[in-house]
Amino acid sequence: MEKFYLTTAIDYVNGVPHIGHAYEKIVSDIIVRHFKQRCEDVYFLTGTDEHGIKIQKTAAEKGITPKQMCDEHAAKFKEAWTALNVDYGQFIRTTDEAHKKTVQKIFKKLLEQGDIYKHSYTGLYCSGCEGFLNPKDLTEDGFCPVHLKKPEEVSEENYFFRLTKYKDAIAKHIKENPSFIVPAFRATEVLNQLENIEDISVSRAKANVSWGIDVLGDSEQVIYVWIDALSNYITALGYDTENPSEKFKKYWSVSRHVIGKDILKFHSIYWSGILLALGLPLPHQLFVHGFININQAKMSKSTGNVISPVDILKTWELEIPDAFRYYMATAAALGRDGNYSDEDFKEKVNADLANNMGNLLNRTLSMLVKYFDGEIKPEFKTDCELFETAKETIEKVKKHFDNYEIQEAGNEIISLVNLTNKYVADNAPWTLAKEEKLTECGQVLANVLEIMCVVSVLIYPYCPNIAREMARQLKFDINIKLDDLTINNIRSGKLIEKDEIKPVFLRLDSEFAIKGEK
Ligand code: ME8
């Protein structure tokens, strides 16, 4: 695999980032960082979705213009991603001029070729979904099943996209490409939804909604949400209806969209239809994640339990986001819902990062200093069974990442750490030292340090700061590609001085704040 293009959903800016947004961006960043360890060319896109009635209404309530609110909130999203070390290559805003121009061209092309038509319509509109709902999909009480709100009856003349024309082609693509939608159980859900699909409204009357991209040649209508939002994945690459850019040609065929379960229909059905109408290939893959709940409850503004990721860093006085990233990454199994609670967060990162991983390195280096003045003697270089396990772990982690199983990959890494802790306990290097079996003692320590080099590379996507600090103490270049990673990284000679040894992660309840480079 040489190239890799990953996108996240673009977040609505009618609020500031919450832990669900953060979960998706962290998971995406971890996947990207892992694939940077394997591929030559990785491109990572995120951004904000800035048009629509929700944004127009919220700005009006605040007494500011929608653009002012978008600017303020988009800045908050960027700040949050910087604080969480989400290292995107591009941040697109749907209010960017270049994006708006291309969306207008896409709309015009689809209109001219007859895939978009004008039609008078009365429908049930959910502003939460930013879309019309099919009465069949409502709850028994007539509520939107996702937002649990009564949709509004709207009568308008709108432009419609001829989605039904592409229904069979979309179903065929999903059936013929079982790995198009991950996890696979989501594909079944989409095939069921396809059965009832109708043409979709892709514009709104300006009289009702003004905050959108103008339809060229029709001053009464604005392009509505989904053509605008979904197109970001290609407008960001400089796609143009007449002349697709080099960047588009380079990355589109390797595109992967990371999205939440609530927007799967839009990505698997609407977006596929639009792409087919444009004569473009469908994205390589959709990875559909679950939702993060708070203390087992659905997060919602009305419950008042919405948490900001930046506030979590502040509460725990975390100067580096690694612990939170690690927790988020391991909070949910592939595609399933996960949970955040303060108690669980503290327990999990204290156990895995401080007690098991951090202490192991710290104790081993401290023994090396105590018994050998920090020196690895040539006779310490040896082999142990654990090296095979470490090699297997590298392969298992790769395989998990191929399937977006980042919780499972994280568990593999910690399981290697735990086996290494057991190796130390079983071989008791402190007893070997006492018994003056110094070569054996040194061998145990050197073996552990070899494993820790591997651990630092594997944990790097989750905890980049901690991993870099581990590698610094191990005098090991962490920027190694995974394919070149061997179990022979500790060099003979002086490895470390006493005062260079620092805990790589302090327990969350320790009295010290966690310091480190950003
Ligand atoms: O849907 N847990 O924006 P959005 C995990 N603008 N993920 C969550 C979540 C939670 N509790 N709540 C939301 C939109 N998300 C559109 C997307 S893409 C062309 C347009 C996820 O701000 C959600 O599933 O409502 C989506 O993937 C992302 O956050 C943005 O949600």
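Numbering starts at 1 and runs along the sequence shown.
A tilted orientation is assigned to the rings of Y251 and Y5, their planes being inclined by 30° to 60°. Ring orientation note: the planes of F287 and Y404 are close to parallel, at an angle under 30° on the 30°/60° scale. A tilted orientation is assigned to the rings of Y121 and H119, their planes being inclined by 30° to 60°.
Annotation: side chain to side chain contact (heavy atoms under 4.5 Å, CB included) contacts of K101 (sequence neighbours excluded): none. Residues that satisfy the salt bridge (Lys or Arg N to Asp or Glu O under 4.0 Å) test with D483, not counting sequence neighbours, are K398. Annotation: salt bridge (Lys or Arg N to Asp or Glu O under 4.0 Å) contacts of D29 (sequence neighbours excluded): R33, R325. Under the salt bridge (Lys or Arg N to Asp or Glu O under 4.0 Å) criterion, D344 pairs with no residue at all, not counting sequence neighbours. With sequence neighbours excluded, the residues forming a side chain to side chain contact (heavy atoms under 4.5 Å, CB included) with S179 are Q285, listed by chain and number. In this view, E140 satisfies the side chain to side chain contact (heavy atoms under 4.5 Å, CB included) rule with no residue, not counting sequence neighbours. A search for ring-ring contact (aromatic ring centres under 6.0 Å, His included) contacts involving H99 returns nothing, not counting sequence neighbours. For T8, the side chain to side chain donor-acceptor pair (under 3.5 Å) partners at least two apart in sequence or on another chain are T46. Partners of H147 according to the ring-ring contact (aromatic ring centres under 6.0 Å, His included) rule, which considers only residues two or more places apart in sequence or in another chain, do not exist here. Judged as a salt bridge (Lys or Arg N to Asp or Glu O under 4.0 Å), and not counting sequence neighbours, K136 has no contacts. Evaluation of the side chain to side chain contact (heavy atoms under 4.5 Å, CB included) rule for A205 yields E156, N208, Q221 as partners, not counting sequence neighbours.
Salt bridge annotation for K165-D199: absent, with no cationic side-chain nitrogen under 4.0 angstrom from a carboxylate oxygen. Salt bridge D402/R38: present, at least one basic N to carboxylate O contact under 4.0 Å. E246 and K249 are joined by a salt bridge, as a carboxylate oxygen and a charged side-chain nitrogen come within less than 4.0 angstrom of each other.
Pairs of residues two or more places apart, or lying in two chains, that qualify as salt bridge (charged side-chain N to carboxylate O under 4.0 Å, His left out) and include a residue from residues 176-192 are K172-E176, R186-E189.
The main-chain N or O of A277 is found under 3.5 Å from a side-chain atom of Q113 such that the two form a donor-acceptor pair. Checked by atom type and distance alone, the side chain of W252 never pairs as donor or acceptor with a backbone atom of I234 at under 3.5 Å.
Looking at Y23, W316, F345 one by one, the single match for ring-ring contact (aromatic ring centres under 6.0 Å, His included) with Y327 turns out to be F345. Each of D49, I10, D71 was scored for a side-chain contact (heavy atoms from CB on, under 4.5 Å) with R93, with one residue passing: D71.
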